[in-house]
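Have a look at the structure below, then the notes.
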Amino acid sequence: MRATFEAPVIGSGRCIIEGVMPLATSMDYPVKLRSETSGRGVLTTSFAGYQDCPADVKHARKRRGVNPLDQSKYILSVRNAITS
């Protein structure tokens, strides 16, 4: 899932793992964690910033609607002058 983790901290009957993972490839990670830990695992996340996407990773779905970078068509779409 293109994640990077620090060494685990083990103590008091707990194992704490901290790391960074991209949201796009880790949506099913909470389910896998719960499955592997028999429901005892807890995932806490927070926004850590943006990073460049690796060159081998491409977009996963086709754009829908008007491209916002095409300014003239986008303005017409926002004003409901054209349908996307």
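Heads up: numbering here begins at 1 and tracks the sequence. Reckoned from all heavy atoms, side chains included, excluding hydrogens, waters and symmetry mates. Values in this document were obtained by computation on a predicted structure and should not be read as measured data.
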Item to check | Full working for side chain to side chain contact (heavy atoms under 4.5 Å, CB included) between Ile10 and Arg14 | outcome: CA-CA 6 Å; Ile10 301 171; Arg14 294 181 168 200; over 6 Å; no
Next on the checklist: Under a 3.5 Å distance rule, please check whether Ser77 uses its side chain to pair with a backbone N or O of Lys73 as donor and acceptor.
Outcome noted: no
Checklist entry - So, for Leu43 and Thr45, which heavy atoms are closest and what is the spacing to 0.1 Å? => result CG-CG2, 3.9 Å
Item to check | Pair listing, ring pair (Phe, Tyr, Trp, His ring centres under 6.0 Å) test, anchored in residues 18-47, at least two apart | outcome: Phe47-Tyr50
Item to check | Heavy-atom check, side chain of Asp28 versus side chain of Lys32, under 4.5 Å | outcome: yes
Item to check | Residue pair Asp70 / Ser72, side-chain heavy-atom distance below 4.5 Å | outcome: yes
Item to check | Which residues share a side-chain contact (heavy atoms from CB on, under 4.5 Å) with Val20, sequence neighbours left out | outcome: Thr4, Gln51
Next on the checklist: Treating Thr37 as the side-chain partner and Leu33 as the backbone partner, does any N or O pair qualify as donor plus acceptor under 3.5 Å?
Outcome noted: yes
Checklist entry - For the atom pair OG1 (Thr44) and CD (Glu18), what is the distance rounded to the nearest 0.5 Å? => result 10.0 Å
Checklist entry - How close do Phe5 and Ile17 get, heavy atom to heavy atom, and via which atoms? => result CD2-CG2, 3.6 Å
Checklist entry - Quick one: does Arg34's side chain have a donor or acceptor within less than 3.5 Å of a partner on Gly41's backbone? => result yes
